[in-house]
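Report on one structure; see the data block that follows.
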Number of protein chains: 2
Amino acid sequence: MGRRRQSVTIKHVAADAGVSLQTVSRVINNEPNVRPEMKERVQASIDKLGYVPSIAAQRMSGSRSYLILALNDRERTIADWRGRQGVDWVDQMLLGGMLKCAEYGYRMIFELVDTHNDHVERELRAAIAALQPDGVILTPPHSDNPLIVGLLDQQKIPFARIGSRGGAAGIALTMDDEGSARRATRHLIDLGHRRIGFIPGSPEYSLSRWRVDGWEAEMAVADLATDGLLAEGDFTYASGVAAARHLLGSANPPTAIIASSDQMALATLEVARDLGIDVPGQLSIVSFDNTPVVRFTQPALTAVDQPVAETASRAVELIIAAQRGAPRPTEPTRVQGGLVQRGSTAAPPVAVHG
Amino acid sequence: MGRRRQSVTIKHVAADAGVSLQTVSRVINNEPNVRPEMKERVQASIDKLGYVPSIAAQRMSGSRSYLILALNDRERTIADWRGRQGVDWVDQMLLGGMLKCAEYGYRMIFELVDTHNDHVERELRAAIAALQPDGVILTPPHSDNPLIVGLLDQQKIPFARIGSRGGAAGIALTMDDEGSARRATRHLIDLGHRRIGFIPGSPEYSLSRWRVDGWEAEMAVADLATDGLLAEGDFTYASGVAAARHLLGSANPPTAIIASSDQMALATLEVARDLGIDVPGQLSIVSFDNTPVVRFTQPALTAVDQPVAETASRAVELIIAAQRGAPRPTEPTRVQGGLVQRGSTAAPPVAVHG
DNA sequence: ATGAAAGCGCTAACAT
DNA sequence: ATGTTAGCGCTTTCAT
């Protein structure tokens with residue numbers, strides 16, 4: 001295919017309005033030092049000609065690229081897509097991030113990078129060199145990858161770290177994991193549960209720990225023991241099966257289980273079914289994520305809703321603000337999720353004796 | 001934030017290798033007229049310095065942008081995201097399209113455009129002017145929108161039309177809707193069904209008609225009547241409820257229903273439950289899409305799997321080929337889907353008499 | 001087979 | 001408040 005040239009350029013607008021290129025540029029970028037009447041005249045020409053600045057040219061002259069790069073873990077994301085378990089993390093990121101970008105005239109470009117690869121840094125460097133994004137959004141586990149964080153910091157590219165409490169660099173945002181875990185625990189305690197088990201996520205994710213912290217804190221407040229109630233998990237269905245078997249097969253099993261992912265909650269439900277344990281009659285289950293499928297199980301699962309879209313949206317806003325010179329927030333932005341109550345939680349079975 | 005300059009440019013590489021900019025450019029673009037030894041030397045410098053060409057600069061000088069624009073319907077896509085019904089169309093497009101793009105060094109940018117808006121053309125023009133994409137992927141209903149198709153054709157941008165049989169312009173790809181409908185119908189006929197109802201999708205989508213065609217054709221082959229068996233639908237749950245009520249409430253109701261979307265199939269299942277009709281004992285259901293949730297219903301739904309990822313992948317390949325001068329395919333590319341059999345289909349109830 | 005020069009569309013820096 | 005100039009990083013001419 002032949003070369004494609006811009007049909008309407010800043011030159012055309014300048015000629016049409018009878019002003020210099022610079023004035024047009026000033027109008028486009030909302031810069032000061034343009035008389036209102038001048039601005040109007042230029043805007044009229046822009047509208048008339050249907051002029052839209054070329055992002056490539058803008059970027060070339062040292063300005064913004066109007067591109068925000070969203071980085072997700074390759075392995076996990078592809079597994080989610082292929083698995084077709086209805087994991088809608090990416091959709092929700094697009095919903096929040098892309099739409100917010102559009103409001104500001106930015107675009108979001110999605111990129112997969114493998115955290116466990118030796119080439120992470122090279123991959124990221126390549127993406128940055130090729131696209132010259134104005135900002136980067138990191139999701140777990142990238143958010144706490146020192147190689148990635150260090151590179152971005154060094155290159156002075158504003159970046160958001162979703163699911164991280166941050167540190168010296170970047171803009172940290174969390175979905176209030178500790179608070180969510182506390183609310184889930186509180187919900188179960190309020191229903192009368194005393195023995196509440198917890199299946200954590202992969203230790204590679206900081207948020208896994210925070211959720212455990214939340215559960216422990218709320219249990220402590222209610223003066224409830226947690227011994228033998230913390231299983232092991234890594235977000236996957238398989239790990240959920242093992243964890244649920246472990247918890248439910250113990251001498252003094254819990255009457256409620258909080259799982260750090262829908263997949264593990266689904267696994268817990270399945271294990272309970274296998275063991276002839278009625279949900280929610282004999283066992284209550286709360287899950288994390290609230291992906292679409294949890295509404296279709298029998299019973300539907302009570303779940304912590306992760307505000308992914310809202311968080312992505314905030315990340316975009318914060319990046320654009322940073323790009324415009326806003327100071328780096330000192331505290332992590334905490335976007336609070338909700339607890340959606342469904343059929344999997346109820347009062348515990350009546351104790352036979354004290 | 002200050003201006004961000006490319007850290008390693010073609011100049012650095014040229015200096016390091018001791019050649020002209022031009023030679024480096026030739027190596028990058030795999031152009032002829034470079035001695036192998038020269039090429040090696042340049043490549044060594046590129047690797048050493050970690051050089052990656054700036055897409056913006058490449059685009060500026062009249063070359064490719066390495067950007068492919070995927071256009072989805074705004075209203076529908078946002079509704080899917082917000083609805084959180086597990087519609088994973090976007091995920092599957094990314095899975096197929098993005099990964100294929102990556103293979104060729106391209107990026108996919110996702111954009112929402114409102115087909116029903118008077119400004120479609122302006123919106124699209126703006127996106128094209130801003131991004132200068134090397135190709136565009138259209139999904140229904142954009143694929144058959146004459147305004148969009150016309151604009152793209154006129155601008156000589158290679159574009160794929162998913163879910164369209166095409167016409168004078170663009171590269172048409174279908175998911176073999178007619179064939180899939182035939183296979184679904186055949187599956188039910190083989191089980192012994194004679195009265196098979198059909199709930200079509202929105203008439204705004206050409207593929208809705210093709211599916212009806214497939215069903216009618218297969219019914220005709222088996223010498224079965226279709227009178228009173230075609231309902232009305234528009235893909236939504238609500239329309240599915242109305243259609244299912246209509247079909248199941250008729251004097252001579254079908255023993256099987258094919259729904260053109262999972263949502264309508266879900267609705268049919270719900271209506272059957274309300275009416276005390278056992279699935280699959282008294283009624284078989286086949287759905288279209290095979291989104292994640294259909295595995296979690298009771299019973300799980302037999303479904304036509306739409307090869308979205310594969311189709312997006314093919315679209316990218318065809319666009320890149322076109323961009324490199326390949327002739328436009330004369331026939332639509334047909335990517336065949338599969339029929340996933342689950343618990344919602346079985347033999348019809350035994351007839352009381354003839 | 002290689003190099004030099006011109007220019008893509010835009011903005012930063014410097015005039016006026 | 002507006003205009004002029006230079007140059008971003010690269011590819012396309014057009015030399016050699």
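Here is the naming used below: chain letters follow the sequence lines, and residue numbers restart at 1 for every chain. Because only heavy atoms are used, hydrogens play no part in the values below, and waters and symmetry mates are left out as well, while side chains stay in.
- Taking 3.5 Å as the limit, the base of dT12(D) and the side chain of Q22(B) contain a donor-acceptor pair of atoms between them.
- Among the heavy atoms of the strands lying under 4.0 Å from Q58(A) are primed sugar atoms or P, OP1, OP2 only; no base atom is included.
- Comment: E123(A) engages R74(A) in a salt bridge, judged by a side-chain N to carboxylate O separation of less than 4.0 angstrom.
- In this structure, the nucleotide among dC10(D), dT11(D), dA1(C) sitting nearest to the side chain of A57(B) is dC10(D).
- What separates CD of E31(B) from C1' of dT12(D) is a distance of 9 Å, to the nearest Å.
- One finds the OG1 atom of T115(B) at 4.5 Å from the CG atom of D73(B) (value rounded to the nearest 0.5 Å).
- Taking atom CG of L21(B) as the reference point, atom C1' of dT2(C) lies 12 Å away to the nearest angstrom.
- In this structure, R35(A) atom CZ and dA1(D) atom P are separated by 9 Å, rounded to whole Å.
- Between R125(A) and E121(A) there is a salt bridge, since at least one side-chain N of the basic residue sits less than 4.0 Å from a carboxylate O of the acidic one.
- The side chain of S61(A) places no N or O atom within less than 4.0 Å of a non-bridging phosphate oxygen (OP1 or OP2) of dT11(C).
- Taking only side-chain nitrogens and oxygens, Y51(A) comes nearer than 4.0 Å to OP1 or OP2 of dC10(C).
- Looking at the side chain of T9(B), the nearest of the listed nucleotides dG9(D), dG3(C), dT2(D) is dG9(D).
- In this structure, K39(A) atom NZ and dT2(D) atom P are separated by 12 Å, rounded to whole Å.
- Atom CG of L49(B) is separated from atom P of dG9(D) by 14 Å (rounded to the nearest Å).
- Listed pair S25(B) / dC10(D) fails the phosphate criterion, with no side-chain N or O lying under 4.0 Å from OP1 or OP2.
- One finds no side-chain N or O of R59(A) lying less than 4.0 angstrom from the OP1 or OP2 phosphate oxygen of dC10(C).
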Give the C-alpha distance, both sets of side-chain angles, the deciding distance and a yes or no for side chain to side chain donor-acceptor pair (under 3.5 Å) between Q323(A) and Y106(A).
CA-CA 12 Å; Q323(A) 226 235 161; Y106(A) 282 68; 2.8 Å; yes
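- Contacts of P32(A) with the nucleic acid, taken as non-hydrogen atoms under 4.0 Å apart, are absent.
- You'll find that the side chain of S63(B) is closest to dT11(D), out of dT2(D), dT11(D), dG9(D).
- Between the CD1 atom of I28(A) and the P atom of dA12(C) there is a distance of 11 Å, rounded to whole Å.
- The CD1 atom of I55(A) sits 20 Å away from the P atom of dC8(C) (whole-angstrom rounding).
- For the pair T23(B) and dG3(C), the criterion of a side-chain N or O lying under 4.0 Å from OP1 or OP2 is met.
- Residue S20(A) places at least one side-chain N or O closer than 4.0 Å to OP1 or OP2 of dG3(D).
- Taking 4.0 angstrom as the limit, R26(B) places none of its side-chain polar atoms (N or O) nearer than this to OP1 or OP2 of dT2(C).
- Straight-line distance from the OH atom of Y66(A) to the P atom of dG9(C): 18 Å, rounded to whole Å.
- Residue R82(B) qualifies as open at atom CZ: its count of foreign heavy atoms under 6.0 Å is 12 or below.
- Within a 6.0 Å radius of CZ in R41(A), more than 12 heavy atoms belonging to other residues, nucleotides or ligands are found.
- Residues M38(B) and M60(B) each lie close to DNA chain C; by heavy-atom proximity, the contact nearer the 5' end of the strand is made by M38(B).
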